[in-house]
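For reference, the structure is listed below as C-alpha cells.
By convention in this document, chain letters (A, B, ...) are assigned in the order of the sequence lines, proteins followed by strands, and residues within each chain are numbered from 1.
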Amino acid sequence: MTSSKVLGTFVVNGEPHEVAYAPHKTLLEVLREDLGLTGTKHGCELGECGACTVLLDGTPVVSCLVLAQEVEGRAIRTIEGLADGPDLHPLQDLFAELGASQCGYCSAGFMLAASELLERNPDPTRDEIRAAVAGNICRCTGYIKIFEAIELAAARLRGEQGQPTREMLYGS
Amino acid sequence: MTSRDEHEMRVGFAGDAKKITVDVPTGDAPPWDLDTRLTSVGGRTRRIDAVAKVTGRARYAYDVDLPGMLHAVVARSPHAAGRLASLDLSAVAALPGVAAVIPLKEPGNRVRFVGDPIAAIAAQRLDQALDALAAVRAEYTTEAAVTDFRDHPDAPELVRGEVVGPWPGRGGDEVAAALAAAAHTAEGTWICEVQTHSCLESHGLVAWFKDDGTLEVWASTQATFGVRGGLASALELPEEKVRVHAEFVGGGFGSKFGADAEGVAAARLSRLVKCPVKLMLSRFEDHTCAGNRPSAIIRIRAGIDARGIITAWDYDAWGGPGYTGRGGGTRHNPTYFTRAKTRNSHRDLDSATDAGRAMRAPGWPQGNFAMEGMVERLAELAGMDGLAFRLLNDADPIRQAEWRLGAERFGWEQRRNPKPGTPRDGDPAHLLRGAGLASAFWGQMGGTGNQVTCRIHQDGTVEARNGAQDIGTGMKTVMAVLTAEELGIAPERIRVTMGDTNDPVGPASGGSTTTPSLAPTVRHAAWLAKAELCERVAAALRVEPGSVRCEGGRVIAGDRALGFDEACRLIGPTPVEATGRRFRNYEGYQDSVAGCQFAAVVVDARTGVVRVEKMLAVQDCGLVIDTLLAENQVLGAMIQGMSYALHEQRIVDRATGRMLNGDFLNYKISGPADLPDMEAIMFPVANGKNNVGAAGLGEPPAIAAPAAIANAVGNAIGIPLRHLPITLDKVLAALAEARRNR
C-alpha cells in the first residue's frame with residue numbers, strides 16, 4: 001500500500017482543516033487519527049453498529065464506510081461540534097440527565113443520528129425515533145433512556161420546558 | 001482476631017423489618033440502617049463523568065494516541081485443532097514499516113481454536129501491520145476436532161430436542177424416592193447457544209515500555225489491577241513497575257478481566273522497540289477470540305406434592321465452554337427448593353472453539369431459563385397460575401413482596417393469556433399474546449482488601465480516589481454520592497479519580513462486587529476524613545472537637561455555623577487525608593439479593609416473529625445508592641436478556657470451527673427497533689451487611705429476563721419453547737407441529 005499522503009481540506013464543525021492524509025483512509029480514520037477528533041468511535045468498521053455516525057452535509061453516515069477522499073470540502077459534523085461553545089446541545093444535556101449514556105461508547109453516534117431527526121422533525125413519534133436510530137447499537141442502556149432523552153430534547157428545542165415526567169423518573 | 005463492637009440496627013424492608021445486633025469491627029463507620037435519614041443517597045444524580053461522555057471528551061483505550069506509537073496485529077491459526085509445525089517470520093521483518101515481529105507459539109505447540117494467536121507484528125501504520133500478516137509463513141499438522149459440544153463423545157444423546165438415556169443413579173436415591181412419592185412429575189430438556197459479550201469497544205490496550213524500565217498501559221479492561229498483575233508476571237517485572245490506566249471503558253460484561261495474549265504481546269513488542277504499541281482487536285476478533293457465554297444443555301425432572309409444593313428436583317447439565325473445558329457450569333435460583341430433595345450435576349464438554357469467559361451472571365441465565373421453564377410446567381400440573389405457584393414455593397421474603405408488587409404494576413392478571421395458543425379478544429387470529437415471569441437471585445455482598453483515599457483541601461475541594469475502573473456502571477458517581485453524604489455536601493462537589501493503578505487498590509468489576517466491595521470503603525474514608533476535618537476546625541476555633549459536625553453543606557462548631565468552604569480554609573496547607581478500609585461483612589439480614597421480572601409478548605403466528613411489548617423488573621440491591629444508576633443497570637440487563645432470549649447466537653461451521661457470523665449484521669443484537677415498553681422498580685432493603693448496606697446489582701437483573709420472555713412465548717403460543725434463542729424458525733416449527741398433532 002502506498003505511504004505517500006495527499007493533501008485535502010475537510011470542513012469539520014464549520015472550520016476548514018487542511019490535512020495531509022493517506023488516501024486509503026476512511027473518514028473515521030481521518031477524523032480520529034489526523035484531526036484528533038476521537039469522540040467519533042470505532043465500533044465494528046463494517047457499518048453495522050453506528051458508533052462512528054457523523055453528519056455529512058446534514059445527513060447521518062457511518063464514517064467507517066465513507067472514503068475520506070470522497071468528502072473533501074463537504075460539511076462534516078462530529079460530536080465535538082454538537083455543543084454551541086460551552087452550551088451543551090439539549091440532546092447532550094438530556095443524555096447526561098437521564099443516564100442515556102452508560103459506558104458512553106455509543107453515545108456520540110446516537111446523538112448525531114438523533115440531531116438530524118430533530119432538525120427535520122421537531123416533534124417525532126416514538127416510532128419515528130425508532131427509525132432514525134435503528135442503525136445504532138447500545139450494549140449497556142437498554143435504549144429506553146435514549147428514547148426518553150431524544151423526546152425531551154425535542155421538546156426543549158421546540159421551546160417547551162422539556163423536564164422529565166414523573167413516569168420517566170419513577171415508572172408509570 | 002479483630003476486636004468488634006456490638007451495634008443494634010433495624011434491617012429488612014417495610015414489610016419485614018426487624019431489629020438485629022451485629023458485630024461491627026472496631027474502627028468501622030457506624031452502619032446505616034432503615035432508620036438512617038440520608039440526603040444524597042437514593043437520589044438521581046447526574047453521572048459525574050456524563051459531560052465528558054456526551055461531548056466526546058472521554059478518552060477510551062481505543063482513543064489513546066502517543067507520539068511515535070506503533071500499531072500491532074496478531075497472526076492467528078486458521079485451524080481449529082492441531083500443532084504448529086513450522087513458523088517462519090523472516091519475510092515479515094523485511095516489509096516496509098514493520099518494526100518488530102514476535103512468535104507467540106513455537107513449532108510443536110498446540111493450536112486450540114480458529115483464532116489462536118501464533119505471532120504478533122508491530123508496524124508504523126496499522127495498514128502496514130495488516131499487510132504483513134500475509135508474510136507470516138506457518139505450517140500446521142491438523143487434527144479432526146469437535147467444534148460443537150453436542151458432538152463431544154460424552155455429550156448426551158438428543159432426540160427431537162430431548163436428552164435420552166438413563167438418569168444417573170448415584171447420589172440420586174433420595175430424589176428418586178421423592179419423585180416416586182410425588183403427586184405429579186415432569187421431565188424436560190433445555191438448550192442454550194453461545195452468546196458473545198459484544199462490548200462496543202473491542203478488547204485491547206496501548207503498552208509503553210519506557211527507557212527507565214517501567215511499563216505504562218492504557219487498557220480497555222474491567223480489572224486494572226488484574227491487568228497490572230498479568231503483565232508484570234508475563235514480563236517478569238515487579239508490579240510497582242507497571243501502571244495501568246482505564247479511565248473510560250466501552251463495556252466489558254465479564255470478558256475484560258485480563259491482559260490476554262494480545263495485551264502481553266503488545267507489551268513485549270513495546271519492550272523490543274521501546275515505543276508505545278497499540279493493539280486493539282477487530283470486531284471479528286472480538287467475537288471469535290475474546291470469550292463468550294458458554295452453551296448449555298440442561299435436563300430436569302421434578303415432582304410436586306398434592307398441594308403444589310416442589311418436593312423433588314433433579315438437575316443435570318452439560319456446558320460448552322470451548323477449548324479450556326472449564327467454566328461452563330450453570331446455576332439457578334435455589335429459593336423454590338427448600339422443601340425438595342435435590343440433586344445437581346454438571347459436566348463440561350470441551351470443543352475446539354474460543355474459550356468461554358465470565359459473562360454477566362455466569363451460568364445463571366442458562367440455568368434459570370431451564371429452571372423457570374420447568375417451574376412453569378409444574379404450575380400447570382398443579383392446576384395453578386404461574387404467579388400463585390411461585391408464591392407458594394418461594395422461600396425468599398424479599399421476593400415474596402416483589403412478586404406481589406411487580407404483578408400489580410405489570411398487570412399480570414390482565415396480560416396472562418388464559419387460553420394459551422389462542423388470540424385474545426379483539427386480536428386478529430394470527431396474533432398470539434402472552435405473559436411470563438421469572439425470578440432472579442444473587443449472593444454477592446462484596447469483599448475486603450481494597451482501600452480508598454479521601455482528601456479535603458483548604459480550597460474546599462474534596463477528592464475520592466481508587467485505582468479500580470468504572471466500566472459504565474457509574475462507580476465514580478457512587479463514590480461521589482457516598483462521600484458527599486458523609487460530608488453533608490453535594491455530590492457534584494466531589495472530584496473522583498478511578499482507573500489508575502497508582503491509586504489505592506480496588507476490585508475487578510465482576511460478579512457484582514465492585515459496589516458492595518468499594519462502597520463501605522468509600523464511606524469509611526470519608527468518615528475518617530470528616531473526623532479529622534472536624535478536629536482541625538475545632539483546634540482552629542478553640543472549641544471542643546466533639547462539638548463540630550458536618551451537616552447540610554455546613555460545618556457546625558458549637559454555636560457557630562460555617563460554610564463548608566469556609567471551614568476548609570481553617571485546614572491549612574496540608575490537606576486532610578484519610579485512607580478508608582473495607583472491613584469484613586456483618587451477619588446482616590440476608591446474604592442474597594432478590595428480584596423478579598415480568599414480560600409480555602406478541603407472537604405473529606404467520607411469520608414466527610416474537611415482539612416483546614412490555615418488560616417490568618422489581619429488583620433488590622440492598623441500599624439503593626443512586627436510583628438513576630440502579631435503574632440504568634436493571635434496564636440494560638433486561639435488554640441484554642431479551643437479546644439472549646430472542647436473537648443472539650454464535651454460529652460455528654462444524655467442519656472448520658470458524659465462526660460464520662462474527663460481525664454485527666449476522667450476529668443480531670437487540671436494537672432500538674426491538675425496544676419494548678420497560679420499567680425498573682428498585683426495591684430497597686437494609687441488609688445490614690456492611691456500613692452502607694450495599695449489595696451487587698450488575699448481574700441479578702440479567703438472570704430473569706430470558707426465562708420470563710421464554711415463558712411469555714409459551715403462554716402466547718401454548719407450546720413451551722426450550723431452546724434459546726427463540727428465533728422465528730423455532731416458533732414456526734413448534735406451531736406446525738402443534739397443528740399436526742391436533
Side-chain angles (χ1 to χ4, degrees), chain A residues 1 3 22 24 32-33 36-49 51 78-80 82-83 88-89 91-93 95-108 110-111 126 129-131 133-147 169-172, chain B residues 44 46-47 49-60 62-63 65 96-97 125 127-128 131 197-202 248-251 253 280 282-283 409 471-474 616 627-629 631-632 634-640 663-665 669-673 675 677-681:
Chain A
M1 211 172 267
S3 61
H24 63 267
R32 288 173 54 88
E33 295 161 17
L37 298 172
T38 54
T40 305
K41 299 300 182 199
H42 271 274
C44 67
E45 293 177 82
L46 294 165
E48 296 166 354
C49 76
T78 69
I79 189 64
E80 289 87 351
L82 195 59
L88 295 181
H89 187 282
L91 280 166
Q92 292 171 306
D93 202 29
F95 265 61
E97 188 76 33
L98 294 182
S101 189
Q102 286 192 28
C103 87
Y105 206 76
C106 71
S107 302
F110 268 99
M111 285 187 284
R126 190 159 275 200
I129 295 172
R130 222 182 271 277
V133 296
N136 296 70
I137 293 174
C138 169
R139 194 58 158 162
C140 301
T141 64
Y143 301 109
I144 186 84
K145 294 291 166 190
I146 293 175
F147 277 62
L169 294 182
Y170 301 105
S172 51
Chain B
R44 311 183 77 87
R46 180 189 276 230
R47 285 174 190 241
D49 55 359
V51 171
K53 287 174 181 168
V54 299
T55 53
R57 288 200 284 270
R59 194 167 71 148
Y60 300 73
Y62 215 139
D63 302 332
D65 189 7
R125 300 198 320 258
D127 58 282
Q128 293 169 328
D131 283 352
H197 297 77
S198 296
C199 316
L200 274 217
E201 182 186 30
S202 61
F248 292 93
V249 181
F253 312 112
M280 300 300 296
S282 71
R283 183 50 54 191
R409 296 283 282 272
I471 55 173
T473 56
L616 180 140
T627 307
L628 184 60
L629 292 178
E631 288 174 0
N632 277 179
V634 176
L635 294 166
M638 289 158 82
I639 289 289
Q640 270 188 20
D663 53 50
F664 280 145
L665 188 63
I669 288 172
S670 293
L675 176 72
D677 180 21
M678 294 176 73
E679 199 175 332
I681 301 170

Residues A:R32, B:D65: salt bridge by 4.0 Å N-O rule
no
Checking the side chain of B:E201 only, and the main-chain atoms of A:G43 only, is there a donor and an acceptor separated by less than 3.5 Å?
no
Distance from A:L98 atom CG to B:L628 atom CG, nearest 0.5 Å?
7.0 Å
Parallel, tilted or perpendicular: which describes the rings of B:Y60 and A:Y105, with under 30° parallel and over 60° perpendicular?
perpendicular
Please flag which part of B:Y62 lies under 4.5 Å from any non-hydrogen atom of chain A: side chain, backbone, both or neither.
both
Mind listing the closest non-hydrogen atom pair of B:I471 and A:C103 along with its distance?
O-CB, 3.6 Å
How far does CD1 of A:I144 sit from CD of B:E631, to the nearest 0.5 angstrom?
11.5 Å
Residue pair B:S670 / A:Y143: nearest heavy atoms and the distance that separates them
O-OH, 2.7 Å
If you tally heavy-atom pairs under 4.5 Å between each of B:S198, B:G251, B:S202, B:A50 and chain A, the highest tally belongs to B:S198
Qualifying residue for salt bridge (charged side-chain N to carboxylate O under 4.0 Å, His left out) with A:E97, from B:R44, B:R47, B:R46
B:R46
Do A:I137 and B:F664 come close enough that some side-chain heavy atom pair is under 4.5 Å?
yes
Please round to the nearest 0.5 Å and tell me the distance separating atom NE2 of A:H89 and atom OG1 of B:T55.
14.0 Å
Below 4.5 Å, heavy-atom pairs only: which of A:S107, A:C140, A:G36 has the largest tally toward chain B?
A:C140
Please flag which part of A:R139 lies under 4.5 Å from any non-hydrogen atom of chain B: side chain, backbone, both or neither.
both
Nearest atoms (heavy-atom pairs only) where B:N632 meets A:G99:
OD1-O, 3.3 Å
Provide the closest heavy-atom pair for B:P672 versus A:F147 in the form atom of the first, atom of the second, distance.
O-CZ, 3.7 Å
So which of B:V54, B:D49, B:I639 has the biggest tally of heavy-atom pairs under 4.5 Å with chain A?
B:V54
So, the part of A:S101 with a heavy atom under 4.5 Å from chain B: the answer is both
Just verifying a value: how many Å separate B:D63 CG and A:L37 CG, rounded to the nearest 0.5 Å?
11.0 Å
Under 4.5 Å from a heavy atom of chain B, the part of A:E45 involved
side chain
d(B:R125 CZ, A:E33 CD) to nearest 0.5 Å is 10.5 Å
With side chains defined as the heavy atoms from C-beta onward, is the minimum distance between A:R130 and B:L675 less than 4.5 Å?
yes
Identify the two heavy atoms, one from A:H24 and one from B:D127, that lie closest to each other, and give their separation to 0.1 Å.
NE2-OD1, 3.5 Å
Any heavy-atom pair between the side chains of A:L88 and B:V51 that's under 4.5 Å?
yes
Which atoms of A:N136 approach chain B - backbone, side chain, both or neither, heavy atom under 4.5 Å:
backbone
From the list A:D93, A:I129, A:I146, the residue making the most non-hydrogen contacts under 4.5 Å with chain B is A:D93
For the CZ atom of B:R59 and the OG1 atom of A:T38, what is their distance to the nearest 0.5 Å?
8.0 Å
So, the part of A:L82 with a heavy atom under 4.5 Å from chain B: the answer is neither
